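To start, the structure under review is shown below, and the notes come after it.
Predicted model, so just to flag it, every value in this text is computed and none were measured. Computation of the quantities below employed the complete heavy-atom set of this structure, encompassing side-chain atoms and omitting hydrogens, waters and symmetry-equivalent molecules. Along the sequence shown, residues carry numbers from 1.
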Amino acid sequence: MAASAAAAPDHLFNLRNNFYLGAYQAAINYSDLPHLSPDDAVERDCLVYRSYIALGSYQLVINEIDSSAATPLQAVKLLALYLSSPHDKESTISSLKEWLADPAIGNNPILRLIAGIIFMHEEDYNEALKHTNAGGTMELHALNVQIFIKMHRSDYAERQLRVMQQIDEDHTLTQLANAWLNLAVGGSKIQEAYLIFQDFSEKYPMTVLILNGKAVCCMHMGNFDEAETLLLEALNKDAKDPETLANLIVCSLHLGKPSSRYVSQLKLSHEDHILVKRLSSAEESFERALQSVA
């Protein structure tokens with residue numbers, strides 16, 4: 001198995017890597033690859049459309065994927081529909097559940113991955129795991145790591161990471177999952193996470209994802225000045241990225257600098273972000289406290 005895999009060149013390696021590390025525009029720009037098998041062509045299209053989704057171009061994806069497209073592409077279209085109209089997400093989730101229950105397509109790895117992503121967004125982690133826990137692809141294993149971290153089950157996340165390490169220790173997703181787990185565990189593991197992001201930044205073009213990864217490590221280690229420099233570089237690359245804005249809010253508070261502009265930007269572009277919700281509930285509590293004193 002390994003020998004045959006090694007013998008066949010992986011035409012999608014760079015495209016996948018760009019996508020995993022958040023170089024979405026590069027993934028789109030360099031996706032015109034010759035001599036792809038039909039399966040590889042579908043995977044390529046999925047990665048390109050998921051890159052457009054990551055850049056917020058939901059409508060383009062919805063318009064371009066028609067009803068005759070393969071199941072993985074239909075699943076990607078569902079993700080675009082889910083993210084583009086939060087108010088109509090019930091019908092998207094009901095279509096998703098219908099497809100997952102269909103024995104002909106329900107086990108498709110991309111459909112299961114998209115299900116995991118959508119249910120993770122919904123914070124319905126048990127439902128997400130129903131579809132992702134069986135694994136089968138590196139992306140599904142990596143998503144399991146993320147879900148277990150969100151459930152505060154770093155023991156289960158570590159088991160998933162071990163599975164990934166046995167398959168391919170040097171895989172970009174294995175390295176990323178290792179960094180996420182190190183950040184979740186904290187303590188001496190933060191330095192290890194920093195080194196992983198540092199390694200990425202030396203091997204690949206700097207992306208918002210890598211810069212935020214390094215910055216979060218710096219904040220955990222108390223290096224808020226370095227974190228701010230990294231985050232401002234990330235902001236230059238994408239002024240609306242929610243993680244950059246959220247991290248800048250935290251960083252500014254620690255540095256004693258004003259954060260209100262970042263808060264306003266985050267509220268305007270990502271009203272559902274967890275930090276916006278927490279800030280709003282803190283503001284409401286403060287208002288209630290003021291009224292009770294008055």
[X]-[Y] side chain donor-acceptor pair, cut-off 3.5 Å:
{"X": "Asn144", "Y": "Gln160", "value": "yes"}
{"X": "Asp66", "Y": "Ser68", "value": "yes"}
{"X": "Tyr30", "Y": "Asn18", "value": "no"}

Closest contact, heavy atoms only, [X] versus [Y]:
{"X": "Tyr204", "Y": "Leu21", "result": "CD1-CD1, 3.3 Å"}
{"X": "Ala179", "Y": "Ala193", "result": "O-CB, 3.7 Å"}
{"X": "Ala69", "Y": "Gln74", "result": "O-NE2, 3.3 Å"}
{"X": "Cys218", "Y": "Leu230", "result": "SG-CD1, 4.0 Å"}
{"X": "Gly186", "Y": "Ile190", "result": "CA-CD1, 3.6 Å"}
{"X": "Pro109", "Y": "Leu140", "result": "O-CD1, 4.0 Å"}

[X] [atom1] to [Y] [atom2] distance, which is reported to the nearest 0.5 Å:
{"X": "Asn126", "Y": "Ile147", "atom1": "CG", "atom2": "CD1", "result": "10.0 Å"}
{"X": "Phe148", "Y": "Leu143", "atom1": "CZ", "atom2": "CG", "result": "10.0 Å"}
{"X": "His141", "Y": "Asp168", "atom1": "NE2", "atom2": "CG", "result": "11.5 Å"}
{"X": "Leu15", "Y": "Leu33", "atom1": "CG", "atom2": "CG", "result": "6.5 Å"}
{"X": "Lys237", "Y": "Leu209", "atom1": "NZ", "atom2": "CG", "result": "12.5 Å"}
{"X": "Asp238", "Y": "Leu211", "atom1": "CG", "atom2": "CG", "result": "11.5 Å"}

Is the backbone N or O of [Y] less than 3.5 Å from a side-chain atom of [X], with the two atoms forming a donor-acceptor pair by type?
{"X": "Arg112", "Y": "His131", "value": "yes"}
{"X": "Ser259", "Y": "Tyr262", "value": "no"}
{"X": "Asn178", "Y": "Thr174", "value": "no"}
{"X": "Gln175", "Y": "Asp170", "value": "no"}
{"X": "Asn212", "Y": "Val208", "value": "yes"}
{"X": "Asn223", "Y": "Glu226", "value": "no"}
{"X": "Ser154", "Y": "Ala157", "value": "no"}
{"X": "Asn247", "Y": "Glu243", "value": "yes"}
{"X": "Gln265", "Y": "Lys240", "value": "no"}

Is any side-chain heavy atom of [X] less than 4.5 Å from a side-chain heavy atom of [Y]?
{"X": "Met120", "Y": "Gln146", "value": "yes"}
{"X": "Ile118", "Y": "Leu79", "value": "yes"}
{"X": "Glu139", "Y": "Phe19", "value": "yes"}
{"X": "Trp99", "Y": "Ile114", "value": "no"}
{"X": "Asn108", "Y": "Leu113", "value": "no"}

* Out of Leu231, Thr229, Leu232, which one pairs with Cys251 under the side chain to side chain contact (heavy atoms under 4.5 Å, CB included) rule? -> Leu231
* Apply side chain to side chain contact (heavy atoms under 4.5 Å, CB included) to Glu43 and list each qualifying residue two or more places apart in sequence or on a separate chain. =>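 For Glu43, the residues satisfying side chain to side chain contact (heavy atoms under 4.5 Å, CB included) (neighbours in sequence not counted) are Leu12, Arg16, Asp40, Leu47.
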* Asked: Yes or no on ring pair (Phe, Tyr, Trp, His ring centres under 6.0 Å) for Phe119 and Tyr125, after CA distance, side-chain angles and deciding distance?
  -> CA-CA 6 Å; Phe119 290 122; Tyr125 302 125; over 10 Å; no
* Name all pairs fulfilling the side chain to side chain donor-acceptor pair (under 3.5 Å) condition that reach into residues 77-93, sequence neighbours left out, sorted by first residue then second. =>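 For residues 77-93: Tyr82-Glu122, Asp88-Ser91, Lys89-Glu122.
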* Can Glu233 and Lys214 be counted as an ion pair, charged N to O under 4.0 angstrom? -> no
